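These notes concern the structure reproduced below.
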Amino acid sequence: MTYAAITGWGKCLPPNVLTNADLATFLDTNDEWITSRTGISERRISHVSLEEMAYVSSMRALAAAGLDPADVELIVVGTCSFDDQVPNQASGLQVRLGAKRAASYDVNTACTSFLYALSTANALIRTGVVRNAVVVGGELISAFMDWHNRGVCVLFGDGCAAVVLEATDKVEGLLGEKLGCDSDARNTLVVEGMGGRYCNKGLPYGQTSWTFEGPEIFKRAVLGMSGACADVLAAQGYKVDDVDVVIPHQANLRIMDAVAKRVGAPADRMFVNVQKYGNMSAATVAVALVEAIEEGRVQPGSLLLLPAFGAGLTWCAHLIRWGQRTTPLGTTDIELPPSDRTALEIVQGYLKKAG
Ligand SMILES: CC(C)(COP(=O)(O)OP(=O)(O)OC[C@H]1O[C@@H](n2cnc3c(N)ncnc32)[C@H](O)[C@@H]1OP(=O)(O)O)[C@@H](O)C(=O)NCCC(=O)NCCS
């Protein structure tokens, strides 16, 4: 039987840091409220396009896998904050990589997009359609943020990461997943301004207003993620004690704690980096996976459980058996271009344009 091993991984975080104190310079908020309700201390704000972050992440992941971009057969980008909707994000990345042989498409399930993208690429490898894939989770959410809304903008940040999948006959990579959508609650998270229904109505594209029912999303996210974890573990014949690392969607520390409690996973088995980046939507699980490897939390043969939720309200949990290699085969010196503005200056620019 064919499996899809994860053979390469790379992340790209924009260098500009927006702290809770920075947010308090233009919003009625403070560090104590944000850290106690969410666990977030700072987030990154990108000075470059999503394509640029996806390019750097993918080149790092390909170097780690030792795979030539010219040999890539599939590119899947998970995101909801496209640079362009037409043509798609993945084809832009394909041009940058020079991956002429690849098929390229995007997946949008909001914050779960990286994991849903992983599901599709895994399935195409396991059914023999392609032999390898680059899967990206990335967002430039700052460009679509309502920076006047303190209930939302303090939660999110920009970032990107990528993995390389390659066909193998060893039992590793994505063993199984549980996917679902609590669509009765789709109106609890709506970004008005992002989509065709707002076009040609005199509104500048990108100027948004967020409907965001935080406590309701919180409740449903905990139920969706913990239910998906229980289902995927049972379907694959594992117990939570078999899991070495839980790498959840990083939206809110309190949500992660509640999921760990319901699933029965000890807190020290959970990987957390929300304090550094906030909720990077599709990039959160991807970046957390890369950092869990870099920090030695993922060991040869580790069993990983990755639960997530996003607007829709989509939810899922993925079970991954890591292979024997936890170090990159190679590295690249490709970097983002330097920024001539601070994170706060970039956000002030958005505030000025939104009026
Ligand atoms: C958004 C969230 C952090 C709010 O936490 P909460 O404990 O539920 O807080 P509440 O929404 O009840 O707000 C409490 C108060 O804080 C205020 N508040 C909201 N944002 C604030 C901010 N940035 N700074 C200070 N006060 C703030 C509210 O106005 C409210 O004030 P009031 O009681 O006077 O009306 C939490 O509900 C959450 O994380 N939900 C999940 C959302 C999510 O992750 N979505 C992503 C989907 S992928």
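Please read all numbers here as calculations on a predicted model, not as lab measurements. When a ligand or atom number is given, it counts from 1 through the structure's own listing order.
If you look at Leu189 next to ligand 1, the close heavy atoms, those under 4.0 Å, all belong to the side chain. Both the backbone and the side chain of Pro215 come within contact range of ligand 1, each with a heavy atom under 4.0 Å.
The protein heavy atom nearest to atom 38 (C) of ligand 1 is Asn252 ND2, 3.6 Å. If you check which protein heavy atom lies closest to atom 43 (C) of ligand 1, you get Phe212 CZ, 3.6 Å. For atom 5 (O) of ligand 1, the nearest non-hydrogen atom of the protein is Arg254 NH1, 4.0 Å. Atom 10 (P) of ligand 1 has its closest protein heavy atom at Arg37 NH1, 4.1 Å.
Less than 4.0 angstrom separates atom 29 (O) of ligand 1 from at least one non-hydrogen atom of the protein. Closer than 4.0 Å to atom 22 (C) of ligand 1 lies at least one heavy atom of the protein. Note that atom 48 (S) of ligand 1 has protein non-hydrogen atoms nearby, at separations under 4.0 angstrom. Distance remark: protein heavy atom not present below 4.0 angstrom from atom 33 (O) of ligand 1.
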Let me have the donor-acceptor pairs involving side chains of residues 2-14, under 3.5 Å, with sequence neighbours excluded, atom names and distances please.
residue, atom, partner, partner atom, Å
Thr7, OG1, Glu166, OE2, 2.6
Lys11, NZ, Glu291, OE2, 2.8
Lys11, NZ, Glu294, OE1, 3.2

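Between the side chain of Asp83 and the backbone N or O of Ser49 there is no donor-acceptor pair closer than 3.5 Å. Looking at Asn20, its side chain does come within 3.5 Å of a backbone N or O of Ile40 through a donor-acceptor pair. No side-chain donor-acceptor contact under 3.5 Å links Glu73 to the backbone of Asp71. With hydrogens and angles ignored, the 3.5 Å screen pairs no side-chain donor or acceptor of Ser302 with any backbone N or O of Asp244. With hydrogens and angles disregarded, no donor-acceptor distance shorter than 3.5 Å links the side chain of Arg43 to the backbone of Asn279.
For the pair Arg96 and Tyr55, the cation sits on the ring face: its NZ or CZ lies under 6.0 Å from the ring centre, inside 45° of the axis.
The shortest N/O to N/O separation between Asn30 and ligand 1 does not fall below 3.5 Å. Polar contact check, Trp33 against ligand 1: a nitrogen or oxygen pair lies under 3.5 Å apart. Of the N or O atoms in Arg150, one or more lie within a sub-3.5 Å distance of an N or O in ligand 1.
Among Ile255, Ile40, Thr29, the residue whose heavy atom lies nearest to atom 24 (N) of ligand 1 is Thr29. Heavy-atom proximity to atom 41 (C) of ligand 1, evaluated over Gly214, Ala251, Ser281, is greatest for Gly214.
A search for ring pair (Phe, Tyr, Trp, His ring centres under 6.0 Å) contacts involving Trp315 returns nothing, not counting sequence neighbours.
Contact annotation: Leu27 has no heavy atom less than 4.0 Å from any atom of ligand 1.
For ligand 1, the atoms sitting less than 4.0 Å from at least one non-hydrogen atom of Cys111 are 48 (S), numbered in the order shown with element in parentheses. Of all atoms in ligand 1, listed by their number and element, those nearer than 4.0 Å to a heavy atom of Asn279 are 46 (C), 48 (S). The ligand atoms of ligand 1 that sit less than 4.0 angstrom from a heavy atom of Val154 are 23 (N). Taking every heavy atom of Thr38 and a limit of under 4.0 angstrom, the matching atoms of ligand 1 come to 3 (C). Atoms of ligand 1 lying under 4.0 Å from any heavy atom of Phe309, numbered from 1 in the order shown and given with element: 44 (O), 47 (C), 48 (S). Residue Gly151 approaches ligand 1 through these ligand atoms, each under 4.0 Å from one of its heavy atoms: 20 (N).
Side-chain polar atoms of Ser119 and Glu177 form a donor-acceptor pair below 3.5 angstrom. Side-chain N/O atoms of Ser81 and Glu139 include a donor and acceptor closer than 3.5 Å. Checking Thr211 against Glu192 by side-chain atom types alone, a donor-acceptor pair falls below 3.5 Å.
Taking the six-membered ring for Trp and thresholds of 30 and 60 degrees, Tyr116 and His318 have ring planes inclined between 30 and 60 degrees apart.
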Notebook entry, point to check: Asp22 and Thr25: side-chain hydrogen bond (donor to acceptor under 3.5 Å, both in side chains), yes or no, with the steps?
Noted result: CA-CA 5 Å; Asp22 288 331; Thr25 63; 5.7 Å; no
